[in-house]
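We use all heavy atoms of the structure for the numbers below, so side chains are in, but hydrogens, waters and symmetry mates are not. Quick caveat: nothing in here was measured; it's all calculated off a predicted structure. Numbered from 1 within each chain, the chains take letters A, B, ... in sequence-line order.
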2 protein chains.
Amino acid sequence: MGKRKSELTELEGAAMTVLRQLGACTPYQVRKAFKDSPSAEWSGSAGAVYPALRRLKAAGLLVAKPVKDARRSVLYSLSTAGADALDAWLTDVARAAGIGIDPFRTRAPLWGGLPSARAGAFKRALIRTLRAERAAIREQLAAPDAPDRDAIELCLALQETRLKWLGAKRKK
Amino acid sequence: MGKRKSELTELEGAAMTVLRQLGACTPYQVRKAFKDSPSAEWSGSAGAVYPALRRLKAAGLLVAKPVKDARRSVLYSLSTAGADALDAWLTDVARAAGIGIDPFRTRAPLWGGLPSARAGAFKRALIRTLRAERAAIREQLAAPDAPDRDAIELCLALQETRLKWLGAKRKK
DNA sequence: CCGAACATGTAACCTGTTACATGATTAC
DNA sequence: GTAATCATGTAACAGGTTACATGTTCGG
């Protein structure tokens, strides 16, 4: 069965999440899921996904089922151990509550100190972009068949928090 | 002056942010700033910080001033080109509006599908942790001399958004 | 049948982490 | 003087990214 991995990376967890949601997938389908995702944190680069799935297979967390087509595709799905590992990853409180890497928050402290000529145009552009993303997210929520409704709402809430913060800051 | 770097990494930008805020710093001081930061996204590992600062120096974005102590320390500060690069990094709309890597949001879509025996205890632990962090952040805000007040408020707003989302989800 | 998009990979590179090594300073 | 801590690094490693290479399927 291969030795147990002590911990999953964020990408590995995300990939296994896709497998749980969609059932057995080829690596390409996982990549596609990453790319199509509204909240795309992962580029879904082949150089990350293919090795990651093989790694998980080697660790006994996935089972591979070869497809008999000319492309020699492989359908991966969660093994029992994989399902357990995914649950453990999902319920890792310390990591779930952690901050991650937020480009907005990394930059925010310094926006107040920008040369004012630059600051105005930048803030306008930023707000415009955030609003556009918010609109796109709302669009998705409008679809009656939207999957991951909760996740999309979370995404929306986060963008709105950013917008609200910018607004509050501006007023001061 | 060295050749121009096309783009700064998040850590490089964060390091230069520290230099702008504190003035000339040794690598160790930058590391300390990362570790002390309330919103610590970076471990401030020596293996990242020392090479990063040398990289930026080589690119002409920092100036190095040797200190005449037995430790052969070096004080780094922003060059003119470095200040420009930092401004460009700060005002990179696409990146600032991007989502980054958010462990909470990566996991959130699947919490609904957890075995219910596990889900309850996990959610309680998660809420407890988030509340503890919120309290810690409020603590910082209570200090009258708190620097980066805006940034801390943003941190607080984000944690509250998470808590609110969890609460809303629970009700449904 | 031929070009475009699909699908599977690989190799070189970059950056950050952990763990270690080493010397300087401070507290006692 | 010695132990703890401060401070500066380095080496091995890990995990992603980009760019490339290659074969397959499909639309015209």
Remember a base hit wins even if backbone is also touched, and classify B:Arg31 as base, sugar-phosphate or nothing at under 4.0 Å, heavy atoms.
base
So how far is it from B:Ser77 OG to B:Leu22 CG, rounded to the nearest 0.5 Å?
12.0 Å
Considering only heavy side-chain atoms of A:Arg55, the closest of D:dA7, D:dG16, C:dA7 is D:dG16
NZ/NE/NH1/NH2 to OD/OE distance under 4.0 Å, A:Glu160 and A:Arg131:
no
Please report, rounded to the nearest Å, how far the P atom of D:dG23 is from the CG atom of A:Asp69.
16 Å
Hey, which sits more toward the 5' end of DNA chain D by its nearest nucleotide, A:Val49 or B:Gly47?
B:Gly47
Rounding to an integer number of Å, can you tell me how far B:Asp36 CG sits from D:dC6 C1'?
14 Å
On the side chain of A:Arg71, is there an atom forming a donor-acceptor pair with the base of D:dT24 - under 3.5 Å, no angle test?
yes
Can you measure A:Leu56 atom CG to D:dG16 atom P for me and round it to whole angstrom units?
10 Å
Let me confirm one number: the CD1-CZ distance from B:Ile99 to A:Arg162, rounded to the nearest 0.5 Å.
7.5 Å
Give A:Ala70 one of three labels, base, sugar-phosphate or nothing, depending on what nucleic acid heavy atoms sit under 4.0 Å from its own.
sugar-phosphate
Does the side chain of B:Tyr50 get closer than 4.0 angstrom to OP1 or OP2 of D:dT8 through an N or O atom?
yes
How many Å lie between NZ on A:Lys35 and P on C:dT8, as a whole number?
11 Å
What is the separation between atom CG on B:Leu11 and atom P on D:dG15, rounded to the nearest whole Å?
19 Å
Rounded to the Å, how far apart are A:Trp42 CH2 and D:dG16 P?
6 Å
Looking only at side-chain N and O atoms, does A:Thr26 offer a donor or acceptor that is under 3.5 Å from a partner on A:Ser73?
no
Please give, in whole Å, the distance from D:dA7 C1' to B:Gln29 CD?
11 Å
How many whole angstroms separate atom OH of A:Tyr76 from atom C1' of C:dG9?
11 Å
For the side chain of B:Ala46, counting heavy atoms from C-beta on, which of C:dG16, D:dG16, D:dG9 is nearest?
D:dG9
I want to check one thing: is the phosphate of C:dC14, taken as OP1 and OP2, less than 4.0 Å away from some side-chain N or O of B:Thr9?
no
Scan B:Ser43 against the nucleic acid and name what it touches under 4.0 Å (heavy atoms): base, sugar-phosphate only, or nothing.
sugar-phosphate
Quick one: does B:Glu12's side chain have a donor or acceptor within less than 3.5 Å of a partner on B:Thr9's backbone?
yes
